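Note that the structure is predicted; figures quoted are calculated from it, not measured. Chain identifiers are assigned alphabetically (A, B, ...) following the order of the sequence lines, protein sequences preceding nucleic acid strands; residue numbering begins at 1 within each chain.
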Protein chains: 2
Amino acid sequence: MADSRTPRSADGLGSSSPAPAVTRAAAVLDALAEAPSGRLTLSDLSRELGIPKSSTSNLLMALEEARLITREGADFSLGRKLVELGAAYLSRLDEVQEFYKFCEQAPTLSGETVRIAMIDGDHIIYLARYEGHPAVRLTSNIGDKMPLSLSAVGKVLLAQLHDHDIEAMFPDDVELPVMTPKSLRSAAELKAQVAAIRKQGYALEDEESTLGVVCLAVPVPTHGAHGPSLGLSVTALKATFSEEQAALMVKELKELAHSLGNPMG
Amino acid sequence: MADSRTPRSADGLGSSSPAPAVTRAAAVLDALAEAPSGRLTLSDLSRELGIPKSSTSNLLMALEEARLITREGADFSLGRKLVELGAAYLSRLDEVQEFYKFCEQAPTLSGETVRIAMIDGDHIIYLARYEGHPAVRLTSNIGDKMPLSLSAVGKVLLAQLHDHDIEAMFPDDVELPVMTPKSLRSAAELKAQVAAIRKQGYALEDEESTLGVVCLAVPVPTHGAHGPSLGLSVTALKATFSEEQAALMVKELKELAHSLGNPMG
DNA sequence: CACGCTTGTTCAATCCACTGAACAACCACC
DNA sequence: GGTGGTTGTTCAGTGGATTGAACAAGCGTG
């Protein structure tokens with residue numbers, strides 16, 4: 001569609017990084033992941049990333065040999081090995097396994113759509129999804145990303161950060177992404193919500209990303225020191241959403257969060 | 001903690017590949033994925049891959065900057081971006097989306113555990129899993145791999161290949177992996193099964209990978225020319241497995257395979 | 001505390017991967 | 001068919017990434 005005329009530099013910024021070939025290879029993977037069709041030619045990549053064709057060719061050959069990408073005629077696309085590696089990452093998160101078990105036997109949550117997510121730069125990334133009633137099927141998938149300000153999990157994880165980090169990510173004049181009329185518009189609004197979230201211990205997203213849909217989220221206490229902070233959320237239809245139901249969900253979410261935070265559940 | 005004393009060379013074989021840094025970076029990712037704990041130090045990697053420490057350090061810095069790996073003190077582990085990339089790969093497979101939809105409304109399959117897989121080297125890799133009754137929870141996850149000879153999908157996909165390819169992968173004196181007393185032992189057995197599978201159009205795995213568990217699998221016709229061939233499988237407990245039920249499952253699996261093979265379902 | 005054995009980081013010299021231009025093949029449009 | 005725009009591949013020169021040795025810092029052990 002809209003031609004992505006953004007010759008982003010292959011390397012981050014000034015980026016006098018060692019092993020530039022690796023940085024560029026990563027940029028190739030990114031470009032392929034973001035390409036609408038998922039398929040790009042050598043010239044496409046060379047142009048978009050600003051890498052000479054001959055170098056690009058070398059990169060692609062190496063990436064193909066590693067099965068990180070696949071060649072199909074003249075088009076390159078992401079390779080299967082990435083699924084393996086992503087799965088390897090997830091399998092190391094014990095939280096994901098326990099997450100599923102808990103959802104299944106939770107009185108209220110077992111019928112809902114629950115997700116576990118984590119901060120990834122200035123977005124959140126969904127790591128796992130439990131679907132109680134297939135009636136409300138979410139379009140979002142494992143691995144998908146969402147801006148922090150547009151999701152309940154995003155806001156609740158943001159509230160976990162230190163104020164100066166928040167300030168750095170959202171200076172007063174930032175322009176927030178908008179998806180519905182109810183999306184937060186200003187950094188001020190966002191910070192007000194963060195304050196409220198810190199008090200009440202959970203976050204609510206009220207049709208801010210999708211009309212007709214609401215979300216509740218709680219943070220998972222970071223056990224010990226290591227590991228990035230996780231968040232949990234339930235998604236429901238606004239039409240069938242009641243105060244008492246919300247209270248129940250938050251209660252169970254907090255239980256789940258607690259048991260995930262304390263390995264010896 | 002059996003020390004993995006296998007200093008596999010960072011590069012494939014003779015591997016006079018261009019962009020060696022990329023090849024080595026991929027080797028680092030592999031090593032991290034295969035490490036039992038998922039965490040390795042710089043020295044571990046340097047030793048295991050046979051890359052000088054200083055070079056390894058450079059690689060790791062570049063990989064970390066690309067968020068393909070994460071540093072945690074002195075330990076390195078796989079990074080979140082791999083989940084993104086893996087998800088991006090899967091989201092491009094329209095088959096996966098349709099797979100879920102079909103399973104939900106299929107009379108018999110909707111209650112079973114169904115998976116879609118693809119050949120990946122000499123293994124199969126599971127791409128998606130539908131779980132009808134959480135009673136029988138599989139240990140295998142999306143992205144997991146299985147030897148071809150040990151799974152119904154593996155055998156059915158093998159049967160799709162040309163004989164000379166099969167011969168190349170399974171010469172008469174290969175030693176097949178064994179997981180249960182019923183696992184196939186010889187290439188001859190495997191080839192006999194392949195012949196049978198080609199006749200009947202589906203594959204059966206009878207406690208060959210896990211005692212008490214059986215699997216049925218059918219191939220997805222490769223639509224057009226592009227794309228590697230996919231396979232579908234149902235998993236059931238041997239105890240509750242009947243002939244008539246099997247017939248129903250195979251029938252529905254074939255319907256699903258057909259609709260996946262012909263985009264315009 | 002000194003010792004041996006780790007660990008990761010620094011730095012200058014060398015070697016090799018990167019580059020740019022020239023190449024060949026292809027397609028689409030007059 | 002000619003022609004201008006592609007595409008991806010080839011190759012020799014050169015600049016920078018790679019490297020090994022030397023360094024500093026941590027950790028048990030006797």
Side-chain angles (χ1 to χ4, degrees), chain A residues 3-5 7 9-29 31-32 35 37-66 68-77 225-226, chain B residues 1 3-5 7 9-29 31-32 35 37 39-66 68-77 225-226:
Chain A
D3 50 9
S4 54
R5 192 165 304 291
S9 67
D11 25 60
L13 301 148
S15 108
S16 54
S17 103
V22 176
T23 310
R24 307 220 268 201
V28 167
L29 295 180
L32 286 176
S37 74
R39 309 150 102 242
L40 292 175
T41 78
L42 188 153
S43 303
D44 290 337
L45 288 164
S46 166
R47 201 174 323 108
E48 185 169 354
L49 300 178
I51 304 175
K53 279 192 297 181
S54 45
S55 315
T56 309
S57 175
N58 287 342
L59 284 178
L60 292 177
M61 293 217 262
L63 282 171
E64 187 185 10
E65 195 180 309
L68 292 172
I69 63 173
T70 315
R71 158 177 243 146
E72 192 170 300
D75 292 338
F76 293 89
S77 42
H226 71 289
Chain B
M1 307 301 158
D3 50 8
S4 53
R5 193 164 305 292
S9 67
D11 24 61
L13 301 148
S15 109
S16 53
S17 103
V22 176
T23 309
R24 306 219 269 202
V28 167
L29 295 180
L32 287 175
S37 73
R39 309 151 101 242
L40 291 176
T41 78
L42 187 153
S43 304
D44 289 338
L45 288 164
S46 166
R47 200 174 323 109
E48 184 167 357
L49 300 177
I51 305 176
K53 279 191 297 183
S54 45
S55 314
T56 308
S57 175
N58 287 343
L59 284 179
L60 292 176
M61 294 218 264
L63 282 171
E64 186 185 10
E65 194 181 310
L68 292 173
I69 64 174
T70 315
R71 157 176 244 148
E72 192 170 299
D75 292 338
F76 293 89
S77 43
H226 71 291

A.B. asks: Which atom names give the shortest non-hydrogen contact between A:P52 and A:S46, and what distance separates them?
C.D. replies: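 That would be C-OG, 3.8 Å.
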A.B. asks: In dot-bracket, 5' to 3', how would DNA chain C read with Watson-Crick or G-U wobble pairs under 3.5 Å, [ ] for crossing ones and | for pairs to another strand?
C.D. replies: ||.|||.||||||||||||||||.||||||
A.B. asks: Go through it in stages, so that I can follow the logic: the residues are B:L59 and B:I51, the test is side-chain contact (heavy atoms from CB on, under 4.5 Å), and I'd like the CA-CA distance, side-chain angles, deciding distance and then a yes or no.
C.D. replies: CA-CA 10 Å; B:L59 284 179; B:I51 305 176; 4.1 Å; yes
A.B. asks: Measure from CG on B:L59 to C1' on D:dT18 and round the result to the nearest Å.
C.D. replies: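 It works out to 10 Å between those atoms.
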A.B. asks: Just to verify, what does B:S43 make a side chain to side chain donor-acceptor pair (under 3.5 Å) with, not counting sequence neighbours?
C.D. replies: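 Testing B:S43 for side chain to side chain donor-acceptor pair (under 3.5 Å), a comparison that skips the adjacent residues, returns none.
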A.B. asks: Any heavy-atom pair between the side chains of A:L49 and A:T56 that's under 4.5 Å?
C.D. replies: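 Side-chain contact under 4.5 Å: no.
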A.B. asks: Using a 4.5 Å cut-off on heavy atoms from C-beta on, say whether the side chain of A:I69 contacts that of A:L29.
C.D. replies: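 A side-chain contact exists here, since the closest heavy-atom pair is under 4.5 Å.
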A.B. asks: What distance separates B:D75 CG from B:L42 CG, expressed to the nearest 0.5 Å?
C.D. replies: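 So the CG of B:D75 and the CG of B:L42 are separated by 11.0 Å.
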A.B. asks: State, with a plain yes or no, whether a side-chain heavy atom of A:M61 is found less than 4.5 Å away from one of A:S57.
C.D. replies: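 They are in contact (side-chain heavy atoms under 4.5 Å apart), so the answer is yes.
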A.B. asks: Is the shortest side-chain heavy-atom distance between A:L63 and A:V28 below 4.5 Å?
C.D. replies: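 Heavy-atom side-chain distance check passes, below 4.5 Å.
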A.B. asks: Using the side-chain heavy atoms of A:P20, tell me which of these nucleotides is nearest: C:dA17, D:dA17, C:dC18.
C.D. replies: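 Of the options given, the side chain of A:P20 lies nearest D:dA17.
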A.B. asks: What pairs of nitrogen or oxygen atoms, one from the protein and one from nucleotides 3-13 of chain C, lie under 3.5 Å apart?
C.D. replies:
from	atom 1	to	atom 2	distance (Å)
C:dT7	OP1	B:R47	NH2	2.8
C:dT7	O5'	B:S43	OG	2.9
C:dG8	OP1	B:L42	N	3.3
C:dG8	OP2	B:S43	N	2.9
C:dG8	OP2	B:S43	OG	2.1
C:dG8	N7	B:K53	NZ	3.1
C:dG8	O6	B:K53	NZ	3.1
C:dT9	OP1	B:R71	NH2	3.4

